[in-house]
Amino acid sequence: MPDDDDELASKPARPVTSMTLRAERLRRQFAQAAGAKVDASDPGLSVAPTPRDPELTNVFAVIGFVAGIVAIFLDFYFVPTVVAAVFCVLALRRAHELDARGKGPFGRRRALWGFGLAGFGALGILFQLFVRPLF
């Protein structure tokens with residue numbers, strides 16, 4: 001009776017099919033999109049990417065953006081609009097501070113979007129208060 005290792009060694013290797021190559025290409029693309037450095041000669045993935053610098057966050061921009069979205073749908077007495085405007089100003093200051101340190105203006109675009117959405121929400125409530133009663 002032959003040994004199990006001998007049986008495995010005597011079996012021919014499975015041929016590489018196009019599906020296997022496609023799966024390998026997809027795996028590499030996903031790994032690269034996730035930030036891993038993929039070496040073409042290495043069949044496995046490299047180590048996990050280094051974590052992002054926690055200083056490169058702008059929480060004020062996120063809060064201002066979310067408050068701007070809320071201002072469009074639930075603007076009662078301009079409270080979300082004012083909250084969005086205040087946090088967007090703080091976010092723009094933070095973005096300017098990060099840019100001055102050479103780290104990039106993180107959160108600037110999101111803060112500007114928050115301003116725009118808050119303004120749109122304010123226009124909506126002004127329409128509800130002044131134009132709609134005329135009809």
Side-chain angles (χ1 to χ4, degrees):
M1 187 166 180
D3 196 355
D4 287 338
D5 292 332
D6 292 335
E7 282 182 25
L8 292 175
S10 64
K11 286 185 179 178
R14 278 184 41 202
V16 177
T17 62
S18 61
M19 190 62 194
T20 310
L21 292 176
R22 280 191 211 135
E24 178 63 23
R25 277 192 222 117
L26 275 175
R27 185 183 64 79
R28 287 181 193 275
Q29 287 174 353
F30 286 142
Q32 286 174 343
K37 293 177 181 70
V38 179
D39 185 14
S41 64
D42 182 21
L45 297 178
S46 66
V47 296
T50 57
R52 186 173 174 173
D53 185 6
E55 191 177 295
L56 298 180
T57 58
N58 197 340
V59 177
F60 296 132
V62 175
I63 295 171
F65 182 70
V66 170
I69 292 172
V70 169
I72 291 176
F73 297 107
L74 302 172
D75 202 358
F76 301 114
Y77 303 107
F78 297 104
V79 173
T81 302
V82 172
V83 169
V86 168
F87 277 105
C88 287
V89 167
L90 293 173
L92 287 174
R93 284 185 182 173
R94 172 86 173 135
H96 180 69
E97 174 188 324
L98 288 172
D99 197 23
R101 283 195 256 161
K103 299 195 178 209
F106 288 96
R108 182 186 307 175
R109 186 176 297 147
R110 190 172 292 145
L112 292 175
W113 269 99
F115 265 130
L117 293 171
F120 190 71
L123 287 176
I125 195 69
L126 288 174
F127 178 81
Q128 295 289 334
L129 289 174
F130 297 113
V131 177
R132 192 169 177 205
L134 298 176
F135 297 105

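Computation of the quantities below employed the complete heavy-atom set of this structure, encompassing side-chain atoms and omitting hydrogens, waters and symmetry-equivalent molecules. Because the structure is predicted, anything quoted here is derived from the model rather than measured.
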Glu97 bridged to Arg101 by N-O distance under 4.0 Å
yes
Query raised in the report: Any chain of hydrophobic side-chain contacts (each under 4.5 Å) joining Leu74 to Phe65?
Result: yes
Distance col, row Asn58:CG vs Arg93:CZ, nearest 0.5 angstrom, shows 13.0 Å
One should read off an interatomic distance between Phe115 CZ and Thr81 OG1, to the nearest 0.5 angstrom, of 11.5 Å
Heavy atoms of Gly107 and Ala61 approach each other most closely as O-CB, 3.4 Å
Of all heavy-atom pairs linking Leu117 and Ile69, the shortest is CD1-CG1, 3.6 Å
Heavy-atom nearest pair, Leu98 first then Gly104, reads CB-O, 3.3 Å
**Asked** Should we say atom CZ of Phe78 is surrounded by more than 12 heavy atoms from elsewhere, each under 6.0 Å from it?
**Response** yes
Please check if atom CZ in Arg94 has more than 12 non-hydrogen atoms from other residues, nucleotides or ligands closer than 6.0 Å.
yes
Are Val131 and Phe120 joined in one hydrophobic group, where the rule is that I, L, V, M, F, W and Y side chains link up if heavy atoms are under 4.5 Å apart? no
Quick one: do Val89 and Val59 end up in the same hydrophobic cluster if we chain Ile, Leu, Val, Met, Phe, Trp and Tyr together by side-chain heavy atoms under 4.5 Å apart? no
Note: Phe130 and Leu134 closest approach over all heavy atoms is O-CG, 3.5 Å
message = Please tell me whether Leu123 and Ile125 are part of a single hydrophobic cluster in this structure, the criterion being side-chain heavy atoms less than 4.5 Å apart.
response = no
All heavy atoms of Ala118 vs all of Ala84, minimum pair found to be CB-CB, 3.7 Å
Notebook entry, point to check: Would a hydrophobic clustering, with Ile, Leu, Val, Met, Phe, Trp and Tyr connected at side-chain separations under 4.5 Å, put Ile63 with Val82?
Noted result: yes
